[in-house]
Amino acid sequence: MLELFRYDALMAAAASLCTCILLVLTKSWHGSFSIDSTDGIQKFHTQPTPRIGGIAIAVGVLVGFAASSHDPAAAEKRAILSAILLAGMPAFIFGLLEDLTKRVSVRARLLATMASGILGWGITGVALTHVNVPGLDWLLGFTAISVLFTAFAVGGVANAINMIDGFNGLTAGVALIMLGAFGLIARQVGDIALAFSCLVMAASVAGFFVVNWPRGKIFLGDGGAYFLGFALAWIAVLLPERNASVSPWTSLLICAYPITEVGFSIYRRRFLREGYPATQPDAVHLHSLANRRWAKKLWPNASLTTQNGMTAPLLWLYALLPCSAAVFFYTSFLATLGALVVSFVFYLLMYHKLAFFRWLPRGKQD
């Protein structure tokens with residue numbers, strides 16, 4: 001059974017939690033740079049809030065790495081964590097610069113996350129070499145194509161994680177579910193080093209989660225979302241590449257919610273909104289609709305902050321579906337593909353339901 005109270009994981013959680021508390025208590029010192037205002041189409045909080053929680057997660061992973069045993073048995077786990085820390089720096093730094101300056105373009109941040117993917121390959125020598133698609137697997141046999149494909153996949157997942165970062169606890173909760181799925185599968189196939197790496201990552205996220213949900217005292221920010229997104233994407237690459245029994249589509253299934261969100265958002269903006277820029281923010285993501293159509297209706301007398309916090313659990317349940325399917329069907333290409341299709345269809349049904357929501361009595365509709 002996976003050990004939940006390991007020293008390195010506890011230290012990672014404690015370091016992340018303490019860093020978050022410190023950042024909140026000292027916001028008067030750094031607030032002129034780090035505060036996220038309440039103005040904006042995607043702003044749902046009511047108080048200016050520090051958006052540099054990614055620092056806490058990075059510190060948590062670093063402390064978890066440092067607390068890991070130095071005996072030879074721990075070397076492989078430390079190699080995975082060090083690769084996440086080092087390769088994740090371009091994604092983290094460019095995201096953090098956006099948090100502090102508000103002047104880093106979406107393209108620059110996307111390229112930074114892709115650079116993290118290339119750096120990950122440079123450090124570990126690992127890249128996607130098979131996806132169970134005839135023709136594409138042949139192309140992935142060429143190192144240059146394999147590395148570029150990996151960089152594109154990593155950048156896509158990292159940006160997808162950033163896109164769902166809309167409400168207190170949403171991204172952190174989804175990340176914990178995803179890391180749990182990755183860790184359980186790694187444990188089942190005997191990849192102990194990867195399983196415990198997932199545990200340290202999850203502990204670092206959990207420390208942040210305590211301060212972020214439900215009251216939203218600190219936000220991930222772009223630095224945190226991109227760093228966490230890279231870590232999840234890199235683990236998604238490592239799992240099937242290190243374990244031949246795991247279908248590559250298992251990783252895609254675990255990442256189904258954020259990937260579906262970003263894919264559908266691009267389609268919606270470009271085609272359903274008649275050429276609306278794909279990178280332009282809007283307030284009609286699934287989580288935005290869930291807040292307006294479900295949270296506000298289920299808890300009409302609650303404060304806006306409470307309604308914000310109660311939006312995330314509704315989406316955690318959705319994220320749990322593909323992740324649970326992945327844990328059960330990780331060896332089967334057909335089963336994971338089928339579960340991925342079901343997850344996508346379920347997303348569309350939910351979105352359609354929320355986009356055309358009717359709450360009786362009709363006189364109280366939005």
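All residue numbers refer to positions in the sequence shown, counting from 1.
Between Phe142 and Trp138, the ring planes lie perpendicular to each other; the angle is over 60°, past the 30° to 60° tilted range. In this pair, Trp316 and Phe209 present their aromatic rings tilted. The plane angle is within the 30 to 60° band.
A distance of 6.0 Å separates CH2 in Trp294 from CE in Met350, rounded to the nearest 0.5 Å. Taking CG from Leu232 and CE from Met178, the interatomic distance works out to 4.5 Å, rounded to the nearest 0.5 Å. Between the OG1 atom in Thr124 and the CG atom in Leu119 there is a gap of 9.5 Å [rounded to 0.5 Å]. For the atom pair Cys198 SG and Ile235 CD1, the distance stands at 4.0 Å (nearest 0.5 Å). For the atom pair CG of Leu25 and CD1 of Ile21, the computed distance is 7.0 Å after rounding to the nearest 0.5 Å. Residue Leu289 holds its CG atom at 12.0 Å from NE2 of His352, rounded to the nearest 0.5 Å.
Connection of Met114 to Phe149 is not established within any shared hydrophobic cluster, with ILVMFWY side chains joined at heavy-atom distances below 4.5 Å, either directly or through further cluster members. Phe230 and Leu148 end up in different hydrophobic clusters when Ile, Leu, Val, Met, Phe, Trp and Tyr side chains are linked at under 4.5 Å. Cluster membership check: Leu100 shares its hydrophobic cluster with Ile55, using side-chain heavy-atom separations under 4.5 Å among Ile, Leu, Val, Met, Phe, Trp and Tyr. One hydrophobic cluster, built from ILVMFWY side chains closer than 4.5 Å, cannot hold both Ile123 and Ile93; they sit in different ones. In the hydrophobic clustering of ILVMFWY residues, with side-chain heavy atoms under 4.5 Å counting as a link, Phe33 and Leu23 come out together.
Using a distance-only test at 3.5 Å, with no hydrogens or angles considered, a donor-acceptor pair links the side chain of Thr113 to the main chain of Leu110. For Ser116 (side chain) and Ala91 (main-chain N/O), a donor-acceptor pair under 3.5 Å exists by modelled atom type. Checking side-chain atoms of Ser16 against main-chain N and O of Gly60 turns up no donor-acceptor pair under 3.5 Å. Looking only at distances, no side-chain donor or acceptor of Trp213 sits under 3.5 Å from a matching main-chain atom of Leu170. Counting only distance, with no hydrogens or angles, the side chain of Gln307 and the backbone of Ala295 share no donor-acceptor pair below 3.5 Å. The backbone N or O of Asn132 lies less than 3.5 Å from a partner atom in the side chain of Asp137, making a donor-acceptor pair. With Asn308 contributing its side chain and Asn168 its backbone, the two residues share a donor-acceptor pair below 3.5 Å. Between the side chain of Arg215 and the main chain of Val211, no donor-acceptor pair closer than 3.5 Å is present. Although no hydrogens or angles enter the test, the distance criterion places a donor-acceptor pair under 3.5 Å between the side chain of Ser34 and the main chain of His30.
Each of Asn301, Thr306, Thr305 was checked for a side-chain hydrogen bond (donor to acceptor under 3.5 Å, both in side chains) with Ser303, and the lone residue meeting it is Thr306.
What you find for Val61 and Ser204 is that their closest heavy atoms are N-OG, 3.1 Å. Residues Thr250 and Ala326 approach most closely at CG2-CB, 4.0 Å, considering heavy atoms. Nearest heavy atoms, Asp8 versus Ser68: OD2-OG, 3.6 Å. Between Gly169 and Asn212, the closest heavy-atom pair is N-OD1, 2.7 Å. What you find for Gly64 and Val200 is that their closest heavy atoms are CA-CG1, 4.0 Å. Among all heavy-atom pairs drawn from Thr150 and Ser146, the shortest one is OG1-O, 2.8 Å.
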Between Arg292 and Val284, is the side chain to side chain contact (heavy atoms under 4.5 Å, CB included) condition met? List the steps.
CA-CA 10 Å; Arg292 293 203 300 271; Val284 284; 4.0 Å; yes
Verdict with supporting geometry, Phe182 and Met201, side chain to side chain contact (heavy atoms under 4.5 Å, CB included):
CA-CA 11 Å; Phe182 281 126; Met201 278 298 311; over 6 Å; no
Which atom pairs, one a donor and one an acceptor, fall under 3.5 Å between side chains of residues 252-260 and the rest of the protein, sequence neighbours left out?
unit_1 : atom_1 : unit_2 : atom_2 : d
Thr260 : OG1    : Ala256 : O      : 2.7

All N/O donor-acceptor pairs, side-chain side in residues 152-164, below 3.5 Å, sequence neighbours left out:
unit_1 : atom_1 : unit_2 : atom_2 : d
Asn159 : OD1    : Tyr226 : OH     : 3.2
Asn159 : ND2    : Gly155 : O      : 2.8
Asn162 : ND2    : Tyr226 : OH     : 3.4

Donor-acceptor pairs under 3.5 angstrom involving side-chain atoms of residues 337-349: please list them, not counting sequence neighbours.
unit_1 : atom_1 : unit_2 : atom_2 : d
Ser343 : OG     : Tyr318 : OH     : 3.2
Tyr347 : OH     : Glu261 : OE1    : 3.0
Tyr347 : OH     : Glu261 : OE2    : 3.4

Do any side-chain atoms of residues 79-90 form donor-acceptor pairs under 3.5 angstrom with protein atoms, and if so which ones, sequence neighbours left out?
unit_1 : atom_1 : unit_2 : atom_2 : d
Ser82  : OG     : Arg78  : O      : 3.0
Ser82  : OG     : Ala79  : O      : 2.9

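Applying the side-chain hydrogen bond (donor to acceptor under 3.5 Å, both in side chains) test to Lys217 and every residue at least two apart in sequence or in another chain returns nothing. Partners of Thr311 according to the side-chain hydrogen bond (donor to acceptor under 3.5 Å, both in side chains) rule, which considers only residues two or more places apart in sequence or in another chain, are Asn291. Asp99 is linked by a salt bridge (charged side-chain N to carboxylate O under 4.0 Å, His left out) to Arg51, counting only residues two or more places apart in sequence or in another chain. The side chain to side chain contact (heavy atoms under 4.5 Å, CB included) check on Ser32 picks up nothing, with sequence neighbours excluded. Partners of Ser251 under the side-chain hydrogen bond (donor to acceptor under 3.5 Å, both in side chains) rule, at least two apart in sequence or in another chain, do not exist in this structure.
Within the structure, salt bridge (charged side-chain N to carboxylate O under 4.0 Å, His left out) contacts touching residues 240-251 (residues at least two apart or in different chains) are Glu76-Arg242, Asp191-Arg242. Residue pairs meeting the ring-ring contact (aromatic ring centres under 6.0 Å, His included) criterion with at least one member in residues 87-133, sequence neighbours excluded: Phe92-Phe227.
Side-chain contact between Tyr330 and Val189: present, with at least one pair of heavy atoms (C-beta onward) separated by less than 4.5 Å. You'll find the side chain of Ile218 reaches within 4.5 Å of the side chain of Pro50, heavy atoms only. Contact check for Ile52 versus Phe219: no side-chain heavy atoms found under the 4.5 Å cut-off. Taking the side chain as every heavy atom from C-beta outward, His285 and Phe167 never approach each other to under 4.5 Å. With contacts defined as side-chain heavy-atom distances shorter than 4.5 Å, the pair Thr49/Lys27 does not qualify. Side chains of Leu220 and Ile57 form a contact here, defined as non-hydrogen atoms less than 4.5 Å apart. Between Leu354 and Leu286, some side-chain heavy-atom pair lies under the 4.5 Å cut-off.
Counting side-chain heavy-atom gaps under 4.5 Å among Ile, Leu, Val, Met, Phe, Trp and Tyr, the cluster of Phe328 also holds Phe329.
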